[in-house]
Amino acid sequence: MVCRLSTRLLNISIAGFCKSRQLEKAEAVIIDGIRLGVLPDVVTYNTLIDAYCRFVSMDAAYTILPRMREAGISPDVITYNSLLAGATRNCLLSQSLDIFEEMLQSGIHPDVWSYNTLMHCFFKLGKPDEAYRVFRDIILSNLSPCPTTFNIMINGLCRNGYMHNALGLFRNLQRYGFVPKLETYNILIDGLCKAGRLGAARSVLKELGESGLKPNAITHTTVMKRCFKSRQFKLGLEILSEMKSEGHTFDGFAYCTAISALVKLGKINEANDCVVQMIKNGIVLDLVSYNTLINLYCKEGKLEAAFNLLDEIEKRGLECDRYTHTIIIDGLCKAGNIEGAQQHLSYMNTMGFDSNLVALNCMIDGLCKAGQIDCAMKLFESMEIKDSFTYTSLVHNLCRARRFRSASKLLLSCLKGGMKILKSTQRAVLDGLSNSGYTSDARKLKSKIWSARLLH
DNA sequence: GATTGGAACG
């Protein structure tokens, strides 16, 4: 009895250190415990596995398994659920499916948490049908679905373009007496916002208020972002000041939403004020926050400050992602440092981001603006995937360089690929051809544009 | 002892 009680205390202490990311201290507590004769149990190891998944890596989490076995403790359903959640959270989705398979083969029965996570994994993989099959299995089996099951389902439907079904499920559930929590409302509001249905989002927001729940920072951030996106800047700024005056928790998400919106509005001073407040409020910067700040510094031409933050990212043990690289490449291009941008591009490629379409588009645009259209064309030809930004940038700049026949060729392959291109850019190609004497080419292009439109 | 919701690039 004494020993079991001590193990419980040991686990509480370990959970505390794990929660605050102090894994070395958690490990030290285990060693001290063993020295005093207090042995870790399955809870101890599960807590550790969860923390390693969250804060270190999946590989680190896997190293706990042999340690457990050495101590004579078998993994249980929670062990597997933690690994499953870790892999899914880190988007290692095929690994998630393997873990689920391994769980079945070890004779451990998955519970509703396992199925919830599996469902989430299928949604992340863009396989809503498979996710729905899991959902149906949960309903039809003896496992009873929990509120999280419904939240994951509604969120997954929203993210996979099934807004209508998400809303339908929500209404059906309400009919059966399901009382939505704030999370559910936030999921729906975000889905509606991302689908561009600001009006519907507002009425769900109203429903939220009427249900007696109070919107939180997540709700406000979601709506604020949508306002900025649909160019309702005044309303967005109002929500921002409302959040401040009503004393809502202003967290990293809210600050980053506001800062990047202000940068896009060209309100650089206000954006910097926000940065000062964010730092003052003790927000610990994560990669997204660094990217947001680097973008701000690039937009105001403070490349040195941007590169200082790049160093800080490394010092903190974080890794730059495709956003960081794109922001830097675009920043260097806009500052007229094409050589630097090209250097960073090859560095990005060595880091495994060689199919970063947005960064390549920035580079193409930068090369064109610097008058190196042939370089841009070469890069274009080496690209496996192109989108309408790639084409628009090149066609536009080919026109400016009066190379209308090349522009015409690219314009056509763009439209044939089913991609849109600005009407004004199309006009520039047609006018350019006619005005420089290629009247029949212009006519042919015009009819080809028509037929391409008919086909798509 | 654990699963779900909001932020960043052209």
Side-chain angles (χ1 to χ4, degrees), chain A residues 8 11-12 14-15 18-19 41-51 53-54 76-86 88-89 111-121 123 146-156 158-159 181-191 193-194 215-226 251-261 263-264 283 286-296 298-299 321-331 333-334 356-366 387-390 392-393:
Chain A
R8 202 173 133 66
N11 287 338
I12 290 171
I14 287 168
C18 282
K19 217 169 194 168
D41 63 2
V42 67
V43 178
T44 324
Y45 288 109
N46 287 347
T47 310
L48 268 186
I49 286 179
D50 180 65
C53 284
R54 275 173 205 278
D76 64 2
V77 63
I78 294 177
T79 319
Y80 279 101
N81 285 352
S82 300
L83 289 169
L84 192 59
T88 305
R89 202 182 301 121
D111 61 7
V112 71
W113 296 69
S114 332
Y115 285 112
N116 284 349
T117 314
L118 186 65
M119 228 168 64
H120 187 209
C121 176
F123 275 128
C146 58
T148 308
T149 315
F150 300 128
N151 286 345
I152 293 175
M153 193 66 202
I154 293 172
N155 184 42
C158 288
R159 296 275 166 111
K181 293 195 295 179
L182 184 56
E183 283 93 332
T184 325
Y185 281 110
N186 284 343
I187 288 168
L188 263 188
I189 291 170
D190 183 53
C193 281
K194 289 215 166 91
N216 63 2
I218 295 181
T219 328
H220 290 300
T221 309
T222 306
V223 179
M224 176 171 75
K225 184 184 152 119
R226 184 65 229 175
D251 56 14
F253 281 77
Y255 279 115
C256 288
T257 308
I259 293 167
S260 40
V263 169
K264 284 210 176 84
I283 304 278
D286 61 3
L287 187 60
V288 177
S289 328
Y290 278 116
N291 288 344
T292 308
L293 294 191
I294 292 174
N295 186 44
L296 165 63
C298 281
K299 290 289 175 331
D321 64 359
R322 67 187 165 95
Y323 288 93
T324 329
H325 293 302
T326 309
I327 292 163
I328 291 287
I329 288 169
D330 193 48
C333 282
K334 296 267 158 54
N356 182 350
L357 180 60
V358 182
L360 292 169
N361 283 346
C362 291
M363 194 68 235
I364 285 195
D365 199 59
D387 67 0
S388 56
F389 283 96
T390 330
T392 303
S393 191

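Lettering of chains follows the sequences in order, A, B, ..., and the numbering in each one begins at 1.
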Checklist line | N or O in side chain of A:Lys299 less than 4.0 angstrom from B:dC9 OP1/OP2 | finding: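 Answer is no, no contact under 4.0 Å.
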Note to self: Please determine whether a side-chain nitrogen or oxygen atom of A:Lys225 lies at a distance below 4.0 Å from atom OP1 or OP2 of B:dG5.
What the structure shows: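 Result: no.
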Regarding [X], tell me which of base, sugar-phosphate or nothing describes its non-hydrogen contacts under 4.0 Å with the strands shown.
X        : result
A:Asp41  : nothing
A:Lys181 : nothing
A:Ala217 : base
A:Asn216 : base
A:Ile327 : sugar-phosphate
A:Lys264 : sugar-phosphate
A:Asp387 : base
A:Asn81  : base
A:Asn116 : base
A:Thr47  : sugar-phosphate
A:Leu182 : base

Check: When you look at A:Thr324 and A:Asp321, which way does the side-chain contact (heavy atoms from CB on, under 4.5 Å) test go after all the steps?
Finding: CA-CA 5 Å; A:Thr324 329; A:Asp321 64 359; 2.9 Å; yes
Margin query: Checking A:Ser114 now: which residues fulfil side-chain hydrogen bond (donor to acceptor under 3.5 Å, both in side chains) with it, not counting sequence neighbours?
Written below: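 Partners of A:Ser114 under the side-chain hydrogen bond (donor to acceptor under 3.5 Å, both in side chains) test: A:Asn81, A:Asp111.
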Notebook entry, point to check: Residues two or more places apart in sequence or in another chain: which of them pass side-chain hydrogen bond (donor to acceptor under 3.5 Å, both in side chains) with A:Tyr45?
Noted result: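 Per chain and number, A:Tyr45 pairs via side-chain hydrogen bond (donor to acceptor under 3.5 Å, both in side chains) with no residue.
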Next item on the list: Would you check if A:Tyr255 stacks with the base of B:dA7, given a 5.5 Å centroid limit and a 30° plane limit, both strict?
Entry: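 No, A:Tyr255 does not stack on the base of B:dA7, since the centre distance and plane angle fail the 5.5 Å and 30° test.
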Check: Which pair of non-hydrogen atoms, one from A:Ile189 and one from A:Thr219, has the smallest distance, and what is that distance?
Finding: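 For A:Ile189 and A:Thr219, the tightest heavy-atom pair comes out as CD1-CG2, 3.9 Å.
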Between [options], which nucleotide has the shortest distance from any of its atoms to the side chain of [X]?
X        : options             : result
A:Thr257 : B:dA8, B:dT4, B:dA7 : B:dA7
A:Glu183 : B:dA7, B:dA8, B:dT4 : B:dT4
A:Thr326 : B:dA8, B:dG5, B:dC9 : B:dC9
A:Val288 : B:dG5, B:dA8, B:dT4 : B:dA8
A:Trp113 : B:dA2, B:dC9, B:dT4 : B:dA2
A:Arg89  : B:dC9, B:dG5, B:dT4 : B:dT4

Next item on the list: Dump the intermediate steps for side-chain contact (heavy atoms from CB on, under 4.5 Å) on A:Met363 and A:Cys333, then the final yes or no.
Entry: CA-CA 7 Å; A:Met363 194 68 235; A:Cys333 282; 4.2 Å; yes
Return the value, rounded to whole Å, for the distance between atom [atom1] of [X] and atom [atom2] of [N].
X        : N     : atom1 : atom2 : value
A:Ile294 : B:dC9 : CD1   : P     : 12 Å
A:Leu293 : B:dC9 : CG    : C1'   : 14 Å
A:Phe123 : B:dG5 : CZ    : C1'   : 14 Å
A:Leu83  : B:dA2 : CG    : P     : 14 Å

Note to self: With a 3.5 Å cut-off and heavy atoms only, can you find an N or O donor on one side and an acceptor on the other between the side chain of A:Asn291 and the base of B:dA7?
What the structure shows: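 No.
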Note to self: Counting C-beta onward and ignoring hydrogens, is there a side-chain heavy-atom pair between A:Tyr255 and A:Ile283 closer than 4.5 Å?
What the structure shows: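 Sidechains of A:Ile283 and A:Tyr255: in contact.
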